Amino acid sequence: MKNHKNLKISVIGALIAVMLAGCGNKKESQKEIVNMSTGTEITSLDSSTAIDDTSLTQISNSNEGLYRIGNNSKILPGIATHSTESKDGKKYVFTLRKNAKWSNGDKVTAQDFVYAWQRTVNPKTASEFAYLYSGIHNADKISSGKAPVKTLGIKANGKYKLTVTLDTPIPYFKLLMGFPSFFPQNQKVVEKYGSKYGSTSKDMVYNGPFVQKGWTGSNLSWKMVKNPNYWDKSHVKLSQMNFQTIKDSTTGLNLYNSKKLDETTLTGSQVAQYKTNKNFVSRKLAQTSYVEFNQTKNSSLKNKKIRQALSLSINRDQLTGKVLADGSESAKGFVSSGLMKNPKTGQDFSAQAEVPSAVSYNLPKAKKLMAEGLKEEGKKTLTLNLLNNDSDVGKKASEFLQSDWEKLPGVKITLTNIPYKSFLTDEKNKKFDVALSGWAADFSDPISFLQILTSGNAQNNGGWKNADYDKAINKADTTDATNPEKRFADMVQAEKILMQDQGVAPIYQSTQAQLWNQNVKGLVHNSAGIYYDYKNLTVKK
């Protein structure tokens with residue numbers, strides 16, 4: 001998930017804060033209302049096209065799929081009440097609950113899933129998450145325009161039975177069913193709003209715990225209210241959540257200290273100041289910030305020595321320890337640590353797949369490689385523009401990279417820090433030389449990271465290509481899909497290929513440091529670092 005993040009979340013700019021609303025009368029005091037703050041703006045509420053953390057968190061709390069994903073990636077009931085799986089792992093039959101409704105009163109049916117899935121894989125939709133459907137019958141052929149949309153392996157058997165057919169077993173299939181890209185959609189609503197669908201709160205319909213209101217498509221504040229049509233509304237404690245975008249951590253901390261915020265994300269020196277506070281909370285996230293090299297725009301970045309030089313010149317420990325100073329750690333690789341262990345030995349994936357030379361700091365070697373790379377390219381200088389979001393942390397990280405890179409011979413760096421929505425657009429349209437991007441696991445599996453750098457993937461903005469890498473990923477997804485040890489080895493091989501060729505330059509794995517008011521309880525944070533679930537959130541009386 002983008003900069004979840006990637007969950008395309010800006011990991012660097014992501015902030016989530018919670019505050020209690022003031023109550024003006026007895027009636028209001030009986031309601032449970034909290035005020036939420038996000039570090040980046042919403043980009044879309046359309047589950048087929050949304051890619052960033054803020055948008056996906058909004059969608060996952062205002063809509064619901066076959067399952068919900070809880071703590072430690074636990075599969076929880078959603079629209080599906082029961083499921084059966086064939087012995088070969090290629091067919092699933094879901095029984096849907098009959099009391100699930102959309103916020104407009106319509107029933108949620110199996111056809112809503114069929115329509116949504118077909119719409120997402122349809123090339124006309126241009127979904128950047130269509131690749132997640134790979135393995136579902138004909139999904140790849142449909143996405144590439146080689147098969148009709150209606151041949152996708154999903155079928156409604158009446159209103160409340162849904163059959164999904166796979167071309168190959170997908171080990172993480174049930175985890176996918178809790179991800180917003182697989183949520184249902186109300187066809188008549190999508191067709192009613194057309195191109196406006198999901199672009200504002202009003203141009204939507206909801207089937208989850210909350211209904212979103214007040215987002216106009218560009219404003220930085222909105223709210224969620226309890227959905228009276230939600231099938232499990234008796235277990236939803238909050239009456240309302242008010243949201244506003246706050247990009248500056250100092251502003252957030254000031255609001256917290258003045259008792260106007262009940263949660264705020266800390267950065268830099270704030271962490272050292274408050275880490276012994278009883279309300280301090282630190283969560284290691286399955287999110288990696290990394291540099292993308294746009295080889296399609298800047299031919300010099302096709303030179304491996306230049307990419308290696310740029311990576312080796314980054315003092316990651318200084319960035320995480322002195323600039324971020326929030327508990328974030330220097331990356332061991334592209335895939336975040338703690339996501340999966342070797343099924344035989346128990347060793348963490350990131351430790352087994354690590355290529356130290358791809359994430360280490362060695363300025364003398366970096367200078368040598370840059371000089372050699374420029375000579376091979378017939379150049380004496382290299383000017384690059386670094387694209388990043390405009391959050392406080394985003395700006396600091398950009399300035400740090402600029403300083404480190406300009407220590408290399410002949411290198412000049414210019415900076416472009418823009419609002420997150422604009423950042424995503426420019427990144428998608430490849431309007432950058434190098435970009436400081438981020439990816440968060442969509443589910444608890446290394447493939448969630450590794451898939452996005454295969455040739456032609458919509459998230460592969462730098463255009464890096466490697467046939468051996470693609471082959472290793474394909475083996476993990478097909479021939480070795482049901483063999484945990486071989487599949488793990490395939491993914492380790494892919495990560496090593498990526499790092500040895502410096503296809504990207506991983507910088508750090510995020511940790512979120514926060515202060516929490518103890519009156520706010522029940523937040524569910526998915527173990528893969530995907531999103532926050534507000535369904536169980538409550539305010540202590």
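Only a predicted model underlies this, so the values are computations on that prediction, with no experimental measurement involved.
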Within a reach of under 6.0 Å around [atom1] of [X], are more than 12 heavy atoms found that belong to other residues, nucleotides or ligands?
X      : atom1 : result
Lys213 : NZ    : no
Lys226 : NZ    : yes
Lys465 : NZ    : no
Lys223 : NZ    : no

Subject >> Near-ring test Phe349/Phe488, centroid separation under 6.0 angstrom >> reply: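 That pair passes the under 6.0 Å test.
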Original post:
Is the distance between the ring centroids of Phe182 and Tyr133 less than 6.0 Å?
Top reply: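 Yes, they do, as the ring centres are separated by less than 6.0 Å.
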Original post:
Roughly how far apart are Lys471 NZ and Asp490 CG, rounded to 0.5 Å?
Top reply: 10.5 Å
Please tabulate, for the side chains in residues 167-179, all donor-acceptor contacts under 3.5 angstrom to protein atoms that are two or more places apart in sequence or on a different chain.
from, atom 1, to, atom 2, distance (Å)
Asp167, OD1, His137, ND1, 2.6
Asp167, OD2, Asn138, N, 3.1
Tyr172, OH, Gln451, NE2, 3.4

Original post:
Looking only at heavy atoms, which two atoms of Trp231 and Pro77 are closest? And how far apart?
Top reply: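 That closest heavy-atom pairing would be CZ2-O, 4.1 Å.
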**OP:** Search all heavy atoms of Leu339 against all heavy atoms of Ala286 and return the closest pair with its distance.
**Re:** CD1-CB, 4.0 Å
Exercise: do [X] and [Y] side chains pair donor with acceptor under 3.5 Å:
X      : Y      : answer
Ser44  : Asp46  : no
Asp470 : Thr454 : no
Asp52  : Ser55  : yes
Thr264 : Gln514 : no
Asn242 : Asn35  : yes
Gln185 : Gln187 : no

Original post:
Excluding sequence neighbours, so at least two apart, what forms side-chain hydrogen bond (donor to acceptor under 3.5 Å, both in side chains) with Asn474?
Top reply: none
**OP:** Would you check, one step at a time, whether the test side-chain hydrogen bond (donor to acceptor under 3.5 Å, both in side chains) holds for Asn219 with Thr216?
**Re:** CA-CA 6 Å; Asn219 61 320; Thr216 64; 2.9 Å; yes
**OP:** Measure the acute angle between the ring planes of Trp464 and Tyr469, then classify it against the limits of 30° and 60° as parallel, tilted or perpendicular.
**Re:** perpendicular
**OP:** Mind checking salt bridge (charged side-chain N to carboxylate O under 4.0 Å, His left out) for Lys192 and listing every partner two or more places apart, or none if nothing turns up?
**Re:** none
Original post:
Is there a side-chain contact between Asp442 and Trp439 (heavy atoms, below 4.5 Å)?
Top reply: yes
